[in-house]
Amino acid sequence: MIRRSMSTMLLLSILAASPASAWAEPPWDGYLDSTIYPIRVHYTSGAGVSKAQQALELAEASWQIQVEQMGFGAPTTEDATGNRIPGLWIYLDPQAQYDHAEAIGDNPDTSWTDCTVRVVVASLSPMSYFELVVYHEMNHALEMASDCGESAFAFENTTNAITTLLVPDDFFFTDYALPAFQASPHKGLDCTFFMDQSLRYYHYGASLFQLFLEDRYGDYDGTLLSAIWQAARQDGSVTVAGYGVTMDVPNSPNLLDAVVTVLDGPTFDEVFTEFARWRYFVGMRDDGAHFTDGALWTGGEVLVDSVWTMGDLPLLDQIPVSQPNEYGSLYMSLDLDGVDSEHGVRFAITGDPTINWNVDVLLTYADHTADLVPATMGNDGTAEVLLEGLEGYEEAVFIISNLGDGAHSSDSPDCSAGASFSYDLEEVSTAVPPVISSVDPSEVTIGASHSLWIHGSGLADGARVTFGSPDIQVTDVTFVD
């Protein structure tokens, strides 16, 4: 894997379908061509040739990493007369409204739903930010060269994962995108909230899911994500109009379908439930066994909906603060301080029976490592787990995931309504009662003192012995073995 060290300012780049004037080439006063890749950088007088040279060097480095190493397909662009040209043209214009990759039109030279593309860069300084923008927008262009009709979630999910692979402590990801995503784990994985200021970075932070895919199933070098994009495309053509890209065929397979295809084994539900466990081990909770760069992401810890102590129990027929969307998860925590060897914890939920639920419990140690205890799932929306032998653990983390009703589509996820459930959490005795197999002698004389031998299993030092009759008094009990 190749990483480039940089710090960034707040990223406001937007993946954009073409604006109404997309068919008109952006303004330029000159250009530079790469001698090693099919890349041309146009520049206005406001940008200048020096900045164009910097952009060309960054674009060449990006091509070498993303196309040659990661395996993203090379793009096709168009000139002012509509001629298709293999490669990528980049336009530097500080007067442009924002940085973006722009779909120009359908590419009839291929059978699949790709677009001809170009990149417009308005943010020319500082250099660290300029560098990230080039990487970011070039990846969007490469995505559109594979499948131009994917959802906004799919585009931002992959691109921010790619840039974070290259820059794992990137300021935008660690301080804005990841915290926004982790602060609302009950929201659906593939939801977007462009018009919600409090959640505007949520779908950028959802790139944590694709970082998980690379970490868990790939080589953490971007090649798995590239393969997923290739597997997500479908034969057909696209139409670009205004801010929209439409296809003449359904978006099938979509990006989440392609995840299952490329991994070739686990179901998507299995992949998601494992991700729901992994996302707990971020930042201060990093255990060294999950995300490669998880310790760098302090401030991106997943939100825990409710936190209790043993003294708060029992909690019966409780309703959680938040209700998870499809492919969203809820986290609740119980501090296990004070639990002893003869007591455990019973946790049960009763959920909407039309929903497929998954319940896992992480029993954590002081070093943040954890043991997994899956709940027993019923077919009626119920789940139950009995936690025993809790001495030595610090907390129990309950993860409740909504896996939907089997009809989920990442092209039109329901990001408003969550599925409801109630839960019980109570302390229970786990002590095993003794079993008596014989008493010797089995008969005694009334009015006399006797020594009796009691044999059985589950006998313990400190056990008490009583008889049903109040006339029989026990004066001493000796534990033998």
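Computed from a predicted model, the values in this text were never measured in an experiment. Sequential numbering from 1 along the given sequence is applied to the chain's residues.
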Report yes or no: does [X] contribute a side-chain atom to a donor-acceptor pair with the main-chain N or O of [Y] at less than 3.5 Å?
| X | Y | answer |
| --- | --- | --- |
| Gln323 | His186 | no |
| Asn107 | Thr116 | no |
| Thr223 | Met70 | no |
| Ser409 | Asp411 | yes |
| Glu150 | Leu255 | yes |
| Asp424 | Ala348 | no |
| Ser146 | Gln230 | no |
| Asp305 | Val321 | yes |
| Tyr202 | Lys187 | yes |
| Thr159 | Phe155 | yes |

**Request:** Scan for salt bridge (Lys or Arg N to Asp or Glu O under 4.0 Å) pairs involving residues 357-378, sequence neighbours excluded, and state none if there are none.
**Result:**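 For residues 357-378, and leaving out neighbouring residues, the salt bridge (Lys or Arg N to Asp or Glu O under 4.0 Å) pairs sorted by first residue read Arg277-Asp360.
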**Qualifying salt bridge (Lys or Arg N to Asp or Glu O under 4.0 Å) pairs with a residue from residues 393-406, counting only residues at least two apart or across chains** =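 Pairs touching residues 393-406 that pass the test: none.
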[X] vs [Y] side-chain heavy atoms within contact, under 4.5 Å:
| X | Y | value |
| --- | --- | --- |
| Phe275 | Ser329 | no |
| Pro75 | Trp63 | yes |
| Leu208 | Gln182 | yes |
| Leu256 | Val260 | no |
| Tyr327 | Leu403 | yes |

Measuring from [X]:[atom1] to [Y]:[atom2], what's the distance to the nearest 0.5 Å?
| X | Y | atom1 | atom2 | result |
| --- | --- | --- | --- | --- |
| Leu315 | Phe347 | CG | CZ | 10.0 Å |
| Cys191 | Phe181 | SG | CZ | 10.0 Å |
| Ile162 | Asn139 | CD1 | CG | 5.5 Å |
| Thr192 | Asn157 | OG1 | CG | 11.5 Å |
| Ser123 | Leu132 | OG | CG | 10.5 Å |
| Tyr280 | His368 | OH | NE2 | 8.5 Å |

Does the separation of the ring centres of [X] and [Y] fall below 6.0 angstrom?
| X | Y | answer |
| --- | --- | --- |
| His203 | Phe153 | no |
| Tyr423 | Trp308 | yes |
| Phe398 | Tyr331 | no |
| Trp297 | Phe281 | no |

Ignoring hydrogens and geometry beyond distance, is a side-chain donor-acceptor pair present between [X] and [Y] at under 3.5 Å?
| X | Y | value |
| --- | --- | --- |
| Tyr37 | Gln64 | no |
| His136 | Thr163 | no |
| Thr113 | Asp147 | yes |
| Asp414 | Ser416 | yes |
| Tyr365 | Asp287 | no |

Just jot down the side-chain contact (heavy atoms from CB on, under 4.5 Å) partners of [X], sequence neighbours excluded, or say none.
| X | answer |
| --- | --- |
| Ala161 | Ser207, Gln210, Leu211, Leu225 |
| Pro108 | Arg84, Asp106 |
| Ser111 | Asp235 |
| Glu270 | Pro266, Thr267 |

**Prompt:** Where does the angle between the aromatic ring planes of Tyr204 and Phe172 fall among parallel (under 30°), tilted (30 to 60°) and perpendicular (over 60°)?
**Reply:**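 The rings of Tyr204 and Phe172 stand perpendicular, inter-plane angle above 60°.
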**Request:** Could you go through the side chain to side chain contact (heavy atoms under 4.5 Å, CB included) check for Gln318 and Leu425 one step at a time?
**Result:** CA-CA 9 Å; Gln318 300 292 300; Leu425 185 62; over 6 Å; no
More than 12 heavy atoms of other residues, nucleotides or ligands under 6.0 Å from [atom1] of [X]: is that the case?
| X | atom1 | answer |
| --- | --- | --- |
| Asp380 | CG | yes |
| Asp337 | CG | no |
| Met127 | CE | yes |

Shortest non-hydrogen contact between [X] and [Y], atoms and distance:
| X | Y | result |
| --- | --- | --- |
| Thr44 | Pro27 | CG2-O, 3.5 Å |
| Phe421 | Leu330 | CZ-CD2, 3.6 Å |
| Gly236 | Asp248 | CA-OD1, 3.5 Å |
| Pro168 | Asp293 | CB-OD2, 3.3 Å |

**Request:** Determine, step by step, whether Tyr91 and Glu25 satisfy the side chain to side chain donor-acceptor pair (under 3.5 Å) criterion, reporting the C-alpha distance in whole Å, the side-chain angles of both residues, the deciding distance to 0.1 Å, and the verdict.
**Result:** CA-CA 9 Å; Tyr91 295 79; Glu25 187 178 15; 2.5 Å; yes
**Prompt:** Does Lys51 count as lying over the ring of Phe130, i.e. NZ or CZ under 6.0 Å from the six-ring centre, within 45 degrees of the axis?
**Reply:**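 Here Lys51 passes the 6.0 Å and 45° test against Phe130.
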**Asked** So which of Phe209, Phe212, Phe272 actually passes ring pair (Phe, Tyr, Trp, His ring centres under 6.0 Å) with Trp278?
**Response**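 With Trp278 as partner, ring pair (Phe, Tyr, Trp, His ring centres under 6.0 Å) holds for just one option, Phe212.
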**Item:** side chain to side chain contact (heavy atoms under 4.5 Å, CB included) between Asp335 and Val307, intermediate numbers included
**Value:** CA-CA 8 Å; Asp335 188 332; Val307 179; 5.9 Å; no
**Request:** Have a look at Gln234 and tell me which of Asn251, Asp257, Asn254 forms a side-chain contact (heavy atoms from CB on, under 4.5 Å) with it.
**Result:**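 Among the candidates, only Asn251 passes.
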**Request:** Please assess Asp312 against Leu334 for the test side chain to side chain contact (heavy atoms under 4.5 Å, CB included), listing each intermediate value before the final yes or no.
**Result:** CA-CA 9 Å; Asp312 295 324; Leu334 173 64; over 6 Å; no
